[in-house]
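Shown next, in structure tokens, is the structure this report addresses.
Only a predicted model underlies this, so the values are computations on that prediction, with no experimental measurement involved.
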Amino acid sequence: KEKVIATVSHELRTPINAMLGILDMIDQSDLDCENRRNIELCKNNAKLLLGIVNSILDLQVIRKNKLKLNPEYFSLKKFFDEIKDLFEYMCSKKGIYLNLEWDDNLPKQAFTDKNRLAQILINLIVYSKQDYTK
């Protein structure tokens, strides 16, 4: 079971890393603002997908009680903007307005495992049963 998970994860990581490399090359070319934003959105999505694949491997590590968190300092506002950007296009296609309100009293930075926090927020958004279209 562990060998299958490791093999599948490796097979998924290879094309994701290739996509990230190509997106980096495109990002260094002459792009207008809209295309540069789209490339950045694709890169963020690919990084999140890579994080999910790595999380699958983490399940094996968790089972062995050897999970390590990777805390880092990062801008909370930028982090939440990136999460919002991931869902904005899908929401607009469904006629849903996605709003992010930022309270200036919130801390500017956080020190935590950014990938784990992103996974939690994405799961909360994706699996929310509440209908916000009304």
Side-chain angles (χ1 to χ4, degrees):
K1 187 176 181 179
E2 288 178 21
K3 188 174 182 177
V4 170
I5 290 172
T7 301
V8 169
S9 297
H10 173 74
E11 293 301 321
L12 290 172
R13 281 191 291 186
T14 301
I16 294 170
N17 281 320
M19 288 187 305
L20 283 167
I22 292 167
L23 289 168
D24 278 338
M25 289 183 345
I26 294 170
D27 197 21
Q28 294 184 19
S29 65
D30 188 26
L31 298 170
D32 61 34
C33 288
E34 182 179 352
N35 284 329
R36 186 160 310 283
R37 185 177 188 288
N38 290 337
I39 291 295
E40 194 62 34
L41 185 59
C42 287
K43 285 170 41 175
N44 287 338
N45 277 291
K47 288 175 186 174
L48 274 172
L49 183 57
L50 191 58
I52 292 167
V53 170
N54 288 334
S55 295
I56 293 168
L57 288 174
D58 289 344
L59 289 174
Q60 299 302 328
V61 175
I62 290 169
R63 287 185 181 137
K64 295 177 182 178
N65 291 326
K66 294 184 180 182
L67 178 67
K68 290 184 181 179
L69 298 177
N70 298 309
E72 62 180 296
Y73 285 101
F74 59 91
S75 164
L76 273 176
K77 174 109 174 66
K78 183 179 177 193
F79 173 77
F80 284 111
D81 284 339
E82 289 171 356
I83 297 295
K84 180 186 177 207
D85 288 346
L86 293 175
F87 290 96
E88 205 162 37
Y89 178 75
M90 283 189 308
C91 286
S92 69
K93 287 289 192 186
K94 293 181 178 186
I96 299 171
Y97 174 71
L98 182 61
N99 185 35
L100 172 65
E101 294 182 19
W102 185 257
D103 185 334
D104 288 331
N105 293 318
L106 290 171
K108 303 285 185 242
Q109 288 195 330
F111 182 72
T112 190
D113 189 313
K114 187 176 179 181
N115 290 330
R116 300 283 179 225
L117 181 58
Q119 289 172 337
I120 292 166
L121 289 175
I122 289 167
N123 285 335
L124 286 172
I125 293 167
V126 169
Y127 296 110
S128 171
K129 299 293 184 197
Q130 189 167 356
D131 183 3
Y132 294 101
T133 59
K134 296 178 183 173

Self-check item: Full working for side-chain contact (heavy atoms from CB on, under 4.5 Å) between F80 and L121
Solution: CA-CA 9 Å; F80 284 111; L121 289 175; 3.4 Å; yes
Practice problem: Could you grab the distance from atom CE of M19 to atom CG of N17, nearest 0.5 Å is fine? | Solution: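 Here the rounded value is 9.0 Å.
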Quiz prompt | Nearest-0.5 Å distance that lies between atom CG in D104 and atom NZ in K77 | solution =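 D104 atom CG to K77 atom NZ measures 9.0 Å (nearest 0.5 Å).
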Quick one: closest heavy-atom pair of [X] and [Y], and the distance?
X: Q109; Y: Y73; answer: OE1-CD2, 3.8 Å
X: K84; Y: L100; answer: CD-CB, 3.6 Å
X: P107; Y: L76; answer: O-CD1, 3.4 Å
X: V53; Y: I16; answer: CG2-CD1, 4.1 Å

Practice problem: Take T112 and F79 through the test side-chain contact (heavy atoms from CB on, under 4.5 Å) and record every step on the way to the result. | Solution: CA-CA 12 Å; T112 190; F79 173 77; over 6 Å; no
Quiz item: Is there a salt bridge (charged side-chain N to carboxylate O under 4.0 Å, His left out) between E40 and K43 once you walk through the steps?
Solution: CA-CA 5 Å; E40 194 62 34; K43 285 170 41 175; 3.8 Å; yes
Practice problem: Using distance alone, with no hydrogens and no angle criterion, decide if E101 and N99 have a side-chain donor and acceptor under 3.5 Å apart. | Solution: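 N99 and E101 do have a side-chain donor-acceptor pair below 3.5 Å.
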I'd like to know if the side chain of [X] reaches the main chain of [Y], judged simply by a donor and an acceptor atom lying under 3.5 Å from each other, with no hydrogens or angles considered.
X: D27; Y: L23; result: no
X: S29; Y: I26; result: yes
X: N70; Y: D113; result: no

Quiz item: Would a 4.5 Å heavy-atom cut-off, applied to side chains only, mark E82 and K47 as touching?
Solution: no
Quiz item: Should we count CG of D30 as having more than 12 external heavy atoms under 6.0 Å?
Solution: no
Quiz item: Is it the case that more than 12 heavy atoms not belonging to R36 sit under 6.0 Å from its CZ atom?
Solution: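 Counting other residues, nucleotides and ligands, CZ of R36 exceeds 12 neighbours.
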Quiz item: Does W102 belong to the same Ile/Leu/Val/Met/Phe/Trp/Tyr cluster as L117, with side-chain heavy atoms less than 4.5 Å apart forming each link?
Solution: yes
Quiz item: Does F111 share a hydrophobic cluster with L106, counting links as ILVMFWY side-chain heavy atoms below 4.5 Å and allowing steps through other members?
Solution: no
Exercise. Evaluate the side-chain contact (heavy atoms from CB on, under 4.5 Å) criterion for residues I39 and L31: first the C-alpha distance (whole Å), next the side-chain angles of each, then the deciding distance (0.1 Å), finally the verdict.
Key: CA-CA 9 Å; I39 291 295; L31 298 170; 4.0 Å; yes
